[in-house]
Chemist: 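Handing you a structure now.
These numbers were taken from a predicted model, which means no experiment stands behind them. Numbering of ligands and ligand atoms starts at 1, following listing order.
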Amino acid sequence: GNIGKMLDFYSQFNPSPLSIKQFIDFGLSACERKSFIFLRKELPVRLANIMKEIHLLPENLLKMPSVGIVNNLYITSFEEIIHFEKVDVNETTLDKFCQALIKIRNRHTDVVQTMAQGVLELKESHDVDIQTENSIQYFLDRFFMSRISIRMLINQHTLLFGGQLNGHSRHVGCIDPSCDVIGVIKDAYENARFLCDQYYLASPELRVKQHNGKFEQKLERSNEIRIIYVPSHLYHMLFELFKNSMRAVMEHHGCDSDNYPPLEVLLVRGKEDICVKISDRGGGIPRSQTDHLFKYMYSTAPQPSKSDAHTVPLAGYGYGLPLSRLYARYLHGDIVLLSCEGYGTDAIIYLKALSTEANELLPIFNKTSSKFYRTPVPTADWSSQCGGGMATRQLSMS
Ligand SMILES: N#Cc1c[nH]c2ncccc12
């Protein structure tokens, strides 16, 4: 129908990534009209790009009830936004636009859980082959990244122009131009520790060290490490990693031990990277398992209902790790897990040190992405099957 035509039209455009610097400069000049003109085009472009990709999903997932629900949410929101395409720019339409954005943000609050429910419905109703699993991993990374970016644009506009006064805060929308990384680390640790104490009646201590490679000579002003970043994203990543590290330490050292090895956090500012390394002595995991922690299919298990969620030890894995890695990658950072099975795990959050390099990383709907869903799993080009082959016989001849 008409929606189909509008989707085709807007999905022809590539999303326009913004840098943190552009978010800041735009926010400081704070012109609601310019923001409206940009968003009434950019939001439909980002929505249309990911909506077209939903229809490339493996048939079995696409027909799951929960995926249908999410698809309808996107159609409703897309229709509401393109309504502003032709309106005159005046006080009234600017206010209506803000209200529409808030309504859309609320409508999509539970989309992550609903998609996880869709994956669960698929796991419980079909066998899932490797190709389907690869397509789901590829899609959900792009789908959740697109959602992170759309919510970022909506938050900036509603925070800057939604009427709430900024008070004396120096924040520009949800961006802190001078984010105190150590402060966010301590906040996330204290809140994860609270959950840990509630469940295990104990928790590992925290040791924080920092090395500011930028100020080699000690005489520099302050060697505090501050970056231009989105504190809520940084908090989300740290809170998730601290929960998982604490759970590993408490499960590995048995609940009777009275002193647990502390979590050691190292914060380093380099020329290109800011690193936050969380090291735990929680016994680690085998190398073969590490990848699974970032897999949506592996991380999807019947989630405890809201009521008993707090009884599960710091809640399964869920999508916390894959989502945290997407938050890091959204502004060209990353999260890497390096485990030594039998000893412990290092989790490293990489952030861009330069705000000019911290650009949005956005999925693009095009031939390349479409082809990914159709390409069969490549035939093996490395072999490790032992026994029976000629090579083995030759070896036995020698
Ligand atoms: N994220 C994270 C983790 C941090 N430490 C861990 N130990 C076992 C399994 C996962 C983790």
Side-chain angles (χ1 to χ4, degrees), residues 112 116 137 140-141 144-145 148 181 184-200 202-209 232-255 257 259-268 273-301 303-304 309-310 312-330 333-351:
V112 172
Q137 188 68 23
L140 287 179
D141 268 347
F144 291 141
M145 184 69 92
I148 287 168
V181 180
V184 182
I185 289 171
K186 289 177 178 170
D187 269 355
Y189 167 78
E190 288 306 330
N191 290 329
R193 175 186 211 178
F194 177 79
L195 289 181
C196 190
D197 284 331
Q198 249 190 344
Y199 188 79
Y200 296 102
S203 54
E205 293 296 322
L206 172 70
R207 302 256 192 293
V208 183
K209 288 195 181 71
S232 58
H233 291 186
L234 181 56
Y235 177 88
H236 188 288
M237 299 180 239
L238 287 162
F239 183 59
E240 177 63 24
L241 293 175
F242 276 129
K243 281 191 294 181
N244 293 341
S245 294
M246 287 180 186
R247 174 174 150 194
V249 169
M250 301 312 287
E251 306 272 337
H252 184 64
H253 289 269
C255 304
S257 132
N259 67 327
Y260 298 94
L263 303 183
E264 295 179 357
V265 174
L266 175 63
L267 170 59
V268 184
D273 298 328
I274 303 265
C275 302
V276 184
K277 180 169 73 167
I278 300 173
S279 303
D280 68 56
R281 275 171 272 170
I285 38 172
R287 190 163 56 94
S288 60
Q289 300 294 312
T290 317
D291 288 355
H292 297 334
L293 296 173
F294 291 97
K295 292 236 169 71
Y296 297 102
M297 286 295 288
Y298 266 88
S299 315
T300 305
Q303 285 301 315
H310 62 280
V312 176
L314 301 176
Y317 279 113
Y319 289 1
L321 258 185
L323 282 179
S324 295
R325 187 168 66 176
L326 290 177
Y327 276 114
R329 290 179 172 179
Y330 170 59
D334 206 351
I335 287 184
V336 173
L337 282 193
L338 301 166
S339 201
C340 297
E341 189 199 6
Y343 179 74
T345 302
D346 284 359
I348 305 181
I349 301 174
Y350 292 103
L351 305 174

Chemist: For ligand 1, which atoms, with element, lie under 4.0 Å from some heavy atom of L321?
Modeler: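 Those atoms are 1 (N).
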
Chemist: Does the ring centre of F144 sit less than 6.0 Å away from the ring centre of Y296?
Modeler: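 Distance test on ring centres: under 6.0 Å, yes.
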
Chemist: Just by distance, do the side chain of H253 and the backbone of R281 share a donor-acceptor pair under 3.5 Å?
Modeler: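 Judged by distance alone, yes, a pair lies under 3.5 Å.
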
Chemist: May I ask you to identify, for A248, whether its side chain, its backbone, both or neither come under 4.0 Å of ligand 1 on a heavy-atom basis?
Modeler: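 Just the side chain.
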
Chemist: H236 vs Y327 aromatic rings, parallel, tilted or perpendicular, using cut-offs 30° and 60°?
Modeler: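 Answer is tilted, since the angle falls between 30° and 60°.
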
Chemist: Would a distance-only check, ignoring hydrogens and angles, find a side-chain to backbone donor-acceptor pair under 3.5 Å from E240 to Y319?
Modeler: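 Here the side-chain-to-backbone pair does not exist.
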
Chemist: As an exercise, identify every atom of ligand 1 less than 4.0 angstrom from a heavy atom of L241.
Modeler: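 By the 4.0 Å cutoff, the relevant atoms are 1 (N).
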
Chemist: For S245, take its heavy atoms, then give the atoms of ligand 1 lying under 4.0 Å from any of them.
Modeler: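 Counting atoms of ligand 1 from 1, those under 4.0 Å from S245 are 4 (C), 5 (N).
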
Chemist: Got V265 and L238 here, is their nearest side-chain heavy-atom distance under 4.5 Å?
Modeler: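 In short, these two side chains do not touch, never coming nearer than 4.5 Å.
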
Chemist: Suppose I only count heavy atoms of D280 and a 4.0 Å limit; which atoms of ligand 1 are within that range?
Modeler: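 Reading through ligand 1 atom by atom, the close ones are 4 (C), 5 (N), 6 (C).
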
